[in-house]
Amino acid sequence: MTKQEEKSFNFLYKEYQSVDELEKDEQELVRLAGEASVNAYSPYSKFNVGAAVLLENGEIFTGNNQENAAYPSGLCAERVALFYASSQFPDIPVKKLAVAASKNKRMIEAPVPPCGSCRQVFIEWEKRFNKPFSVIMAGSKKIIRVEKAMWLLPFNFQSDYL
């Protein structure tokens, strides 16, 4: 019998009370993510999510969730924005990504964490370019920022497994 070893994951994140506490480019990403959320196609869940991606070359792309009656055929805002950015600039790494949700055209109070599928896609992007990017989860009353997307999914699937 082997001896069990207890391990833990530790990472730092920053919490903010206002968008004004963020860097200027992050403020812009949060604003754009919020705007994108208002235009989401979410007739079933009524949960409008928007995302904004800043690439290393300064280009910004937005996306919002797109639902479909045949669940899970829709797509999350984060992946819409990432895939759109990649279709235009396939060789440029992501620098930062912001995500926000709205209800009745107003940003909700709590930060919105990405789903597991989006987190896995974030890790693919970090691996693809061998460069981490920060994720900003924004609410009107609280914002959470992590420096590396991979911290959001510690036991992730790796291409090495294939």
Inset, instruction - Using side chain to side chain contact (heavy atoms under 4.5 Å, CB included) as the criterion, list what pairs up with Pro43, not counting sequence neighbours. - result: Tyr41, Glu67

Inset, instruction - List the steps and the verdict of side chain to side chain contact (heavy atoms under 4.5 Å, CB included) for Val30 and Leu22. - result: CA-CA 9 Å; Val30 168; Leu22 298 172; 3.8 Å; yes

Legend entry - Interatomic distance, Ile108 atom CD1 to Phe47 atom CZ [nearest 0.5 angstrom]: 4.5 Å

Inset, instruction - Kindly give the heavy-atom pair with the smallest separation between Trp125 and Leu82, and that separation in Å. - result: CZ2-O, 3.7 Å

Legend entry - Note, Val49 side chain near Val99 side chain (heavy atom, < 4.5 Å): yes

Inset, instruction - Would you mind listing the cluster partners of Leu162? Hydrophobic ones only (ILVMFWY), side-chain contacts under 4.5 Å, chaining allowed. - result: Phe157, Tyr161

Inset, instruction - Take atom CZ of Phe129 as the centre, draw a 6.0 Å sphere, and report whether it contains more than 12 heavy atoms from other residues, nucleotides or ligands. - result: yes

Legend entry - Salt-bridge criterion met for Glu28 and Lys24 (N-O under 4.0 Å): no

Inset, instruction - Check Asp25, Leu29, Val53 against Ile60 for a side-chain contact (heavy atoms from CB on, under 4.5 Å) and give me the one that passes. - result: Leu29

Inset, instruction - Consider only side-chain heavy atoms of I, L, V, M, F, W and Y, link residues closer than 4.5 Å, and tell whether Tyr16 and Leu32 are in one cluster. - result: no

Inset, instruction - Give a yes or no on whether Asn57 atom CG has more than 12 heavy-atom contacts from other residues, nucleotides or ligands under 6.0 Å away. - result: yes

Inset, instruction - State the CG-CE distance between Asn48 and Met107, to the nearest 0.5 angstrom. - result: 12.5 Å

Inset, instruction - Give a yes or no on whether Val19 and Val112 share a hydrophobic cluster (residues Ile, Leu, Val, Met, Phe, Trp, Tyr; joining criterion: side-chain heavy atoms under 4.5 Å apart). - result: no

Legend entry - From CE (Met137) to CD1 (Ile143), nearest 0.5 Å: 11.0 Å

Legend entry - Heavy-atom closest pair, residues Cys118 and Arg79: SG-NE, 3.3 Å

Inset, instruction - Answer whether the closest heavy-atom distance between the side chains of Tyr71 and Ser45 falls below 4.5 Å. - result: yes

Inset, instruction - Over all heavy atoms of both residues, which pair between Arg119 and Pro113 is shortest? Give the atoms and the distance, please. - result: NH2-CB, 3.4 Å

Inset, instruction - Could I get the full list of side-chain hydrogen bond (donor to acceptor under 3.5 Å, both in side chains) partners for Glu26, not counting sequence neighbours? - result: Lys96, Arg145

Inset, instruction - May I ask whether Val38 and Leu75 are part of the same hydrophobic cluster, defined by side-chain heavy atoms of I, L, V, M, F, W, Y residues being less than 4.5 angstrom apart, directly or through others? - result: no

Inset, instruction - Check Cys115 against Cys76 and note the closest heavy-atom contact, atom names and distance. - result: SG-SG, 3.7 Å

Inset, instruction - Apply side chain to side chain contact (heavy atoms under 4.5 Å, CB included) to Ser73 and list each qualifying residue two or more places apart in sequence or on a separate chain. - result: Asn68, Ala70

Inset, instruction - Heavy atoms only: give me the nearest Ser37-Ser102 pair and the separation to one decimal. - result: OG-OG, 2.9 Å

Legend entry - Student check: side-chain heavy atoms of Glu59 and Phe89 closer than 4.5 Å: yes

Legend entry - Atom pair CG (Leu153) and OG (Ser117), whose distance is rounded to the nearest 0.5 Å: 9.5 Å

Legend entry - Value rounded to 0.5 Å, distance of CH2 in Trp151 from OG in Ser134: 10.5 Å

Inset, instruction - State yes or no: do Ile123 and Val146 share one hydrophobic cluster built from I, L, V, M, F, W and Y residues joined by side-chain heavy-atom distances below 4.5 Å, directly or via other members? - result: yes

Inset, instruction - State, to 0.1 Å, how close Glu56 and Ile92 come at their nearest heavy-atom pair, and which atoms those are. - result: N-CG2, 3.7 Å

Legend entry - Salt bridge present between Glu124 and Lys127 (N-O < 4.0 angstrom): no

Inset, instruction - Could you list all the side-chain hydrogen bond (donor to acceptor under 3.5 Å, both in side chains) pairs where at least one residue sits in residues 80-95, not counting sequence neighbours? - result: Ser86-Arg128

Inset, instruction - Report yes if the side chains of Leu97 and Ile136 come closer than 4.5 Å at any heavy-atom pair, otherwise no. - result: no

Legend entry - Partners passing side chain to side chain contact (heavy atoms under 4.5 Å, CB included) against Ala149 (at least two apart in sequence or in another chain): Phe122, Glu126, Phe133, Val135

Inset, instruction - Give a yes or no on whether a salt bridge exists between Glu21 and Lys14, defined as a side-chain N under 4.0 angstrom from a carboxylate O. - result: no

Legend entry - Value rounded to 0.5 Å, distance of CD in Glu78 from CZ in Phe83: 10.5 Å

